[in-house]
A.B. asks: 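This is the structure I have questions about; it appears just below.
Order of listing sets the numbers, starting from 1, for every ligand and every atom in it. Every heavy atom of this structure was used, including side-chain atoms; hydrogens, water molecules and symmetry mates were not.
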Amino acid sequence: MRLFRTTAGSFVEKDGKYYAVNGATWDELLSQDDLQGYLTGAVEGKPVAAFSRADLLPPIEHQEVWAAGVTYYRSRSARMEESETAGGGDFYDRVYSAQRPELFFKSTASRTVGPGGKVRIRKDATWSVPEPELTLVISPQGKIVGYTVGNDMSSRDIEGENPLYLPQAKVYDGSCALGPGILVASGALPKTTEIALEIFREDGCAFAGCIKISEIKRDLKTLVEYLFRDNSFPNGCFLMTGTGIVPPSDFTLKSGDRVRITIAPIGTLENEVA
Ligand code: DO4
Ligand code: MG
């Protein structure tokens, strides 16, 4: 089942039918350790009319968004290349095989857009890309309760100049997109699950790529365990799991581009670049 946050409240979609979820705020829903069980009551009610896509809100209220980095081999090599002149390449190689993963703070709700919202490229960046990422939805107790689609918008020239600039390359207004809703599931997704990225410019496709989540080097529960070490999340949180799709080095996003990310069991997240 999938859970959506809309201007008219929260809805569950199951087997093509929609059901209203009453009596709980979004924060309260994402705080349920047994979200699937909690929503079972809602789907026993009467189906309602489907909402319009235009009514969808970002699936985030007071949660923080964190991200894991260099979890795919492709990300390791792209970062090593972009930071070679700055002498940062070795750090990416080391973190790829280290026991402790790279985890960084990515976004707040105010910097995050939902389906149909506009993502941004930094005004002072010259090389910007989307990063399509499977994103975990985690309860305050550290349990994975669902999955969504995430776009970790990134300024490659800034992070490549010096790895210490990572927060500036990653955290700015409109730097994160989540949605369209949450696939409610506590079990692991099949390893064959595919992440697909398409970037449209004017009338054509400027870039397309896809990758299977079996290429992620890290165990997802271990990433969550590291994130919850000495950190508490009273409203739960999101954890992006890294990108394995990197457009060629001569590609940079432009205003007006449309970024479409699809992870089949979850849905499609589409955003225009402001
Ligand atoms: O270390 C830089 C960022 C890594 C990242 O965002 C990714 O691998 O997805
Ligand atoms: Mg990323």
Side-chain angles (χ1 to χ4, degrees), residues 64-108 111-113 119-122 125 127-136 147-172 174-179 194-197 199 207 209-220 222-224 226-227 237-249 251-253 259 261 263 269 271 273:
E64 292 176 358
V65 184
W66 284 68
V70 199
T71 49
Y72 291 81
Y73 193 79
R74 178 71 185 105
S75 177
R76 168 198 167 275
S77 27
R79 314 285 160 192
M80 286 177 74
E81 257 169 61
E82 78 192 8
S83 61
E84 199 183 347
T85 328
D90 184 45
F91 287 98
Y92 293 111
D93 186 32
R94 277 159 51 187
V95 82
Y96 181 71
S97 346
Q99 195 166 5
R100 183 188 288 273
E102 177 195 3
L103 294 176
F104 58 91
F105 180 78
K106 172 62 193 173
S107 190
T108 52
R111 297 180 178 91
T112 303
V113 302
V119 287
R120 291 189 57 255
I121 47 185
R122 277 186 72 113
W127 185 16
S128 301
V129 291
E131 293 189 356
E133 305 193 8
L134 172 68
T135 301
L136 312 178
Y147 301 87
T148 190
V149 181
N151 179 355
D152 169 22
M153 289 286 287
S154 304
S155 316
R156 291 193 66 190
D157 55 319
I158 296 176
E159 73 175 23
E161 188 178 336
N162 189 321
L164 296 179
Y165 293 156
L166 189 77
Q168 295 176 73
K170 294 286 193 179
V171 187
Y172 57 89
S175 64
C176 178
L178 294 177
E194 218 168 62
I195 303 174
L197 167 68
I199 305 172
F207 174 79
C210 64
I211 192 143
K212 289 196 172 51
I213 65 166
S214 55
E215 298 293 315
I216 301 180
K217 183 160 191 288
R218 303 274 176 177
D219 171 60
L220 301 185
T222 309
L223 291 177
V224 176
Y226 268 97
L227 180 61
C237 63
F238 292 90
L239 178 60
M240 296 178 144
T241 58
T243 189
I245 307 175
V246 184
S249 297
F251 179 88
T252 185
L253 282 173
V259 179
I261 305 169
I263 305 181
L269 171 66
N271 301 96
V273 178

A.B. asks: Using a plain distance cutoff, I'd like to know if Thr243 has any nitrogen or oxygen under 3.5 Å from a nitrogen or oxygen of ligand 1.
C.D. replies: yes
A.B. asks: Below the 3.5 angstrom mark, is there an N/O of Val70, backbone or side chain, next to an N/O of ligand 1?
C.D. replies: yes
A.B. asks: Between Asp152 and ligand 1, find which residue part has any heavy-atom pair under 4.0 Å and reply side chain, backbone, both or neither.
C.D. replies: side chain
A.B. asks: Please report the closest heavy-atom contact between Lys217 and Ser97, naming both atoms and the distance.
C.D. replies: NZ-CA, 3.8 Å
A.B. asks: I'd like to check Phe238 versus Thr112 (side-chain heavy atoms, cut-off strictly below 4.5 Å). Are they in contact?
C.D. replies: no
A.B. asks: Counting from 1, what ligand 1 atoms have a heavy atom of Gly69 closer than 4.0 Å?
C.D. replies: 4 (C), 5 (C), 7 (C), 8 (O)
A.B. asks: Would you say Ser175's side chain and Val171's backbone share a donor-acceptor pair under 3.5 angstrom?
C.D. replies: no
A.B. asks: Of all the atoms in ligand 1, which lie at a distance below 4.0 Å from a heavy atom belonging to Glu133?
C.D. replies: 9 (O)
A.B. asks: Report, rounded to 10°, the angle at the Mg ion (ligand 2) between the two atoms OE2 (Glu133) and OD2 (Asp152).
C.D. replies: 100°
A.B. asks: Aromatic rings Phe251 and Phe207: how do their planes relate, parallel, tilted or perpendicular, breaks at 30° and 60°?
C.D. replies: tilted
A.B. asks: Surrounding CZ of Phe91 (heavy atoms of other residues, nucleotides or ligands, distance under 6.0 Å), is the total greater than 12?
C.D. replies: no
A.B. asks: Examine distances only and state if a side-chain atom of Thr148 and a backbone atom of Leu178 form a donor-acceptor pair shorter than 3.5 Å.
C.D. replies: no
A.B. asks: Which atom, counting only N, O or S, brings Glu131 closest to the Mg ion (ligand 2)?
C.D. replies: OE1
A.B. asks: To which protein heavy atom is atom 3 (C) of ligand 1 closest, and what is the distance rounded to 0.1 Å?
C.D. replies: Lys170 CE, 3.5 Å
A.B. asks: Short question: side chain of Thr71, backbone of Arg218 - any donor-acceptor pair under 3.5 Å?
C.D. replies: no
A.B. asks: Could you list the atoms of ligand 1 found under 4.0 angstrom from a heavy atom of Gly242?
C.D. replies: 9 (O)
A.B. asks: With heavy atoms only and a cut-off of under 4.0 Å, state how Tyr72 meets ligand 1: side chain, backbone, both or neither.
C.D. replies: neither
A.B. asks: Which heavy atom of the protein is the closest neighbour of atom 7 (C) of ligand 1, given with residue, atom name and distance?
C.D. replies: Arg79 NH2, 3.2 Å
A.B. asks: Looking only at distance, does Ser75 have an N or O less than 3.5 Å from an N or O of ligand 1?
C.D. replies: yes
A.B. asks: Does Glu194 CD have over 12 foreign heavy atoms under 6.0 Å away?
C.D. replies: yes
A.B. asks: Would you mind running through ligand 1 and noting each atom that sits below 4.0 Å from a heavy atom of Phe104?
C.D. replies: 6 (O)
